[in-house]
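This report concerns only the one structure given below.
Quick note on labels: first sequence line is chain A, next is B, and so on, each numbered from 1.
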There are 2 protein chains.
Amino acid sequence: MPESLPPLNALKAFEAAARLGSVTLAAQELSVTHGAVSRQIRALEAHFETSLFERAGRGLVLSRHGRQLQAGVSEAFTVLRASCRALSRDIEDAPFTLACPGSLLARWLIPRLDRLHRELPALRLNVLASDGEPDPGRNDISAALAFIAPPWPSDRQVIEIAAETIGAVAAPDIAARLTGRPVEALLEETILETASRPQAWPQWGQARGVEREALTRARQAGQSFEHLYYLLEAALAGLGVAIAPRLVIEGDLKSGRLVAPWGFVETDARLCLLLARGTPRHSGEALAAWLRHELTAPA
Amino acid sequence: MPESLPPLNALKAFEAAARLGSVTLAAQELSVTHGAVSRQIRALEAHFETSLFERAGRGLVLSRHGRQLQAGVSEAFTVLRASCRALSRDIEDAPFTLACPGSLLARWLIPRLDRLHRELPALRLNVLASDGEPDPGRNDISAALAFIAPPWPSDRQVIEIAAETIGAVAAPDIAARLTGRPVEALLEETILETASRPQAWPQWGQARGVEREALTRARQAGQSFEHLYYLLEAALAGLGVAIAPRLVIEGDLKSGRLVAPWGFVETDARLCLLLARGTPRHSGEALAAWLRHELTAPA
DNA sequence: ATGGTAATGTGAGTTTTTCTCAAGTGTCAT
DNA sequence: ATGACACTTGAGAAAAACTCACATTACCAT
C-alpha cells in the first residue's frame with residue numbers, strides 16, 4: 001500500500017526554495033509570505049527529522065540530505081508540471097462539439113455556421129445532429145442545444161439562451177384560406193404535429209383561446225410525425241397546418257414558404273445549452289453569448 | 001517562473017483513486033473518508049475543467065483525459081515516493097555521532113562503549129572528543145554530551161541526563177592528610193582548577209561552608225589548567241587538590257587513585273545531551289535513556 | 001564601530017482548506 | 001422488490017496554512 005509520502009505542500013515549498021536558493025524568492029513565486037515558506041520547510045525537516053538547509057547567514061544552502069531530496073523532488077515536479085501543462089493544453093485546444101436537434105441545425109444553425117466560425121475561431125466548433133434525446137450521454141460531446149421545459153436537469157450545467165415561441169404555420173396556399181379569419185378556422189384544416197412535443201398544440205391553443213376538446217379531436221384527425229424535420233417537410237408540401245418553434249422556421253417565414261396566420265406564443269420551455277461534465281464553463285458562456293446575440297440581432 | 005501546478009493534495013487523491021480504481025479504496029489508503037477523496041477529485045476536475053473519471057455505475061473508470069493525467073502523475077509520484085523513501089532510509093541508517101568532552105570520554109564513556117554498542121546496536125554510535133565548546137557547530141555531529149548550567153540554549157533540543165556533582169579530590173598521599181579533618185584544611189593545600197569552570201570551587205566551597213575570601217586567595221595561589229583532562233592528570237600526580245565532576249573520576253575513586261575527603265555536592269549544572277538540528281528525537285532519547293540507566297545502575 | 005539593509009525565524013491570531021458525518025442517489029445482484 | 005455497495009453532496013467541525021508584526025542574525029558600507 002504505497003503511502004508514506006511527506007506533506008506535499010511542504011515539498012512544493014522546499015522545491016521552490018531549493019531551486020531558487022532563497023525562502024523569500026520562493027515565497028514570491030508561490031505568492032505567499034516568506035513566513036509561510038519558512039514554516040513549510042521546517043515542517044518538512046521535522047517530517048524527515050533532518051535539516052535540509054544549512055542556514056548560511058543571510059541565505060540558505062542545501063545540506064547533504066537536502067541535495068539528495070532535491071534531486072528526486074525536482075525531477076518529480078518537472079514531470080508533474082509537464083504533464084499537467086500538457087493536459088491543460090489538450091483541453092484548451094480540444095474542439096467544442098455541439099449536439100443540436102436536426103431541424104434546428106439544418107434550418108437555423110447551419111446558415112450561420114460560417115459567421116460563427118469566423119467570430120469564435122478559438123472555439124473550434126464541431127456540430128452534429130442529435131436526433132431524439134437532447135441529453136448528451138456520449139463522451140465526445142461538449143454541450144447540447146435543446147428546447148427544454150422546467151425543471152432543468154440538476155446534474156449538469158444549463159445556460160439559458162432564449163424563450164421558445166411556437167406558432168401554427170402552413171404553406172402559403174393553405175395560409176391564404178386562414179389569414180384574417182378567427183382561430184377556429186384552424187379546426188377545418190389537417191393538423192400536423194410531432195410525437196416528441198405533444199404539448200405544443202395544447203399550449204398554443206390555450207394561449208390563442210381555441211376550445212380544448214375541439215383541438216384534441218382535430219389533432220386526432222390529423223397526422224403525427226416522428227421528428228420536427230419531417231413535420232416541417234409536410235407543412236412545406238402543403239399537407240396541413242403544423243406547430244413549430246419560430247426559431248426553426250425563421251428562414252421559411254422570411255422566404256414566404258411558410259406563413260403563421262395567427263402569430264407565435266411564448267411557452268415555458270427555453271432554448272438551453274446543456275454543458276457536459278468537464279466542459280469549460282467559459283467556452284459554454286462564449287457560445288451562449290454568441291447565440292443570444294445572433295437571436296436578438298436584426299440580421 | 002514555474003508555477004501553474006494543480007492542488008497537490010488533490011493530485012494525491014486522484015493518483016490513489018486512479019491506481020486503485022476506487023474512491024473508497026483510495027480513501028482507505030489515505031486514511032480519510034471516501035467523501036474527502038471524492039471532493040478532492042472534484043476539485044481537480046474543476047481545476048482542469050474536464051472530467052477525469054467516467055462514473056460507471058458502481059465504480060469509476062478513467063476518462064481519456066484522466067488516463068493522460070495518470071500517466072504523468074503516477075510516474076512523478078513513483079519518483080517522489082522512491083526518493084523520499086531513500087532519504088528516510090539514509091537518515092535512519094546514518095551513524096549517530098556523539099561529541100563528548102575529552103575527559104568524560106576517556107574516563108567514563110570509553111570503558112562503557114563496548115556495552116553501549118552491544119545494547120544499542122541500531123544507534124551505530126560514533127564518538128569524538130569535543131575540546132572546548134560543548135556546542136556542535138559541525139554538521140556531522142548528531143549530538144553533544146556536556147555539563148551545562150541553566151539557562152539552556154533554546155535553539156536546540158536539550159535532554160537532561162543527570163545532575164552534576166562535584167567534589168574536591170586528591171591523590172591518596174595528599175588525601176591522607178585531609179581525611180577526617182575540617183574543610184578548612186583544604187586551604188593549606190595547592191588548589192588546582194580549570195579555566196573552563198571558574199565557578200566550580202566557589203560553588204563547592206559555599207556548599208561546604210568554606211570562607212569565600214580564603215578560598216579565593218587559595219585558588220590564586222594554586223594552578224589553573226586549560227582542560228579538565230590536564231587538571232586530573234595533575235591531581236593524579238599529587239600536585240594538589242582538584243575540583244572535578246564525580247562522573248569523570250568515578251573510575252579513579254574506585255581504584256583508589258583519587259580520594260574525595262569531603263564528598264561531593266550537587267550543582268545547578270546538569271549533564272545534558274544537546275541534539276543537533278535534524279537529529280531524530282528518538283535516537284537521542286534512546287541514548288539518553290541508556291546513559292541514565294548506566295548512571296543509576298550499581299555496575 | 002555603527003547603522004543600514006536584507007535575509008530568515010517565530011508567536012499569535014485569522015483565514016482557508018480539508019475532513020467528517022449523515023443523508024441522498026444510482027447500480028447491481030439476489 | 002430489496003439489500004448491499006459505491007459515489008456524491010450539504011453543513012458544520014477540525015486542521016492546516018497563511019499573514020502580520022516583530023525578533024534575530026549576518027553582511028556591508030560608511
Side-chain angles (χ1 to χ4, degrees), chain A residues 3 5-47 50-63 66 135 137 151-157 276-278, chain B residues 3 5-47 51-63 66 135 137 151 153-157 276-278:
Chain A
E3 186 35 10
L5 268 173
L8 292 178
N9 288 323
L11 275 186
K12 180 163 73 174
F14 166 76
E15 193 271 344
R19 175 160 39 80
L20 300 169
S22 154
V23 168
T24 303
L25 292 181
Q28 281 172 9
E29 176 175 305
L30 301 173
S31 306
V32 294
T33 59
H34 63 252
V37 173
S38 179
R39 282 174 197 294
Q40 292 286 34
I41 292 172
R42 300 326 267 291
L44 198 59
E45 293 184 324
H47 171 88
T50 192
S51 63
L52 268 8
F53 291 98
E54 316 271 339
R55 275 65 183 177
R58 202 151 61 156
L60 296 184
V61 181
L62 281 166
S63 71
D135 194 315
W152 295 338
S154 64
D155 61 336
R156 51 191 74 243
Q157 292 190 321
R277 270 218 152 125
Chain B
E3 186 38 10
L5 268 174
L8 292 178
N9 288 323
L11 276 185
K12 180 163 71 176
F14 166 77
E15 192 270 345
R19 174 160 40 78
L20 300 169
S22 154
V23 168
T24 305
L25 293 180
Q28 280 173 9
E29 176 175 306
L30 300 173
S31 306
V32 294
T33 59
H34 56 249
V37 173
S38 180
R39 282 176 195 296
Q40 293 285 34
I41 292 172
R42 300 325 269 288
L44 198 59
E45 293 183 324
H47 171 88
S51 64
L52 268 7
F53 290 99
E54 316 271 337
R55 274 67 182 176
R58 203 150 60 155
L60 296 183
V61 181
L62 282 167
S63 71
D135 194 316
S154 63
D155 62 337
R156 49 191 76 242
Q157 292 190 320
R277 270 218 153 128

*Within the pair B:Gln40 and C:dT17, is there a side-chain N or O less than 4.0 Å away from OP1 or OP2?*
no

_At a heavy-atom distance below 4.0 Å, which nucleotide of DNA chain D is the first touched by chain B, and which is the last?_
D:dC5 to D:dA11

*Using a 4.0 Å heavy-atom cut-off across all strands, classify A:Thr33 as base, sugar-phosphate, or nothing.*
base

*How many angstroms lie between atom CG of A:Leu8 and atom NZ of B:Lys12, to the nearest 0.5 angstrom?*
5.0 Å

*Spatial distance of atom CD1 (B:Ile41) from atom CD (B:Glu15) [nearest 0.5 Å]*: 11.0 Å

Once side-chain contact (heavy atoms from CB on, under 4.5 Å) is applied, do any residues pair with [X], and if so which ones, sequence neighbours excluded?
X       : answer
B:Pro6  : A:Cys84, B:Leu11, B:Leu44, B:His47, B:Phe48
B:Ala18 : B:Phe14, B:Phe53, B:Leu62, B:Gln70
A:Ala16 : A:Arg19, A:Ala26, A:Glu29, A:Leu30

_Reading 5' to 3' through nucleotides 9-14 of chain C, protein heavy-atom contacts under 4.0 Å coded B for base, S for sugar-phosphate only, - for none_ = BBBB--

*asked:* Do the side chains of B:Glu45 and B:Arg42 get close enough for a salt bridge, i.e. N-O under 4.0 angstrom?
replied: yes

*Going by heavy atoms closer than 4.0 Å, what residues in residues 5-13 of chain A are next to DNA chain C?*
none

*Sequence neighbours left out, what pairs pass ring-ring contact (aromatic ring centres under 6.0 Å, His included) with at least one residue falling in residues 18-43 of chain A?*
none

*Between the axis at one end of the helix from C:dA1-D:dT30 to C:dT30-D:dA1 and the axis at the other (five pairs apiece), what's the angle to 10 degrees?*
30°

*Going through the checks in order, is the side chain to side chain contact (heavy atoms under 4.5 Å, CB included) test met by A:Gln40 and A:Val37?*
CA-CA 5 Å; A:Gln40 292 286 34; A:Val37 173; 5.6 Å; no

*Can you name the nearest heavy-atom pair linking B:Val23 to B:Ser38, along with the distance?*
CG1-N, 4.0 Å

*asked:* When you compare the side chain of A:Glu54 with that of A:Leu60, does any pair of heavy atoms fall below 4.5 Å?
replied: no

*Between C:dT18 (P) and B:Leu30 (CG): distance, integer Å*: 13 Å

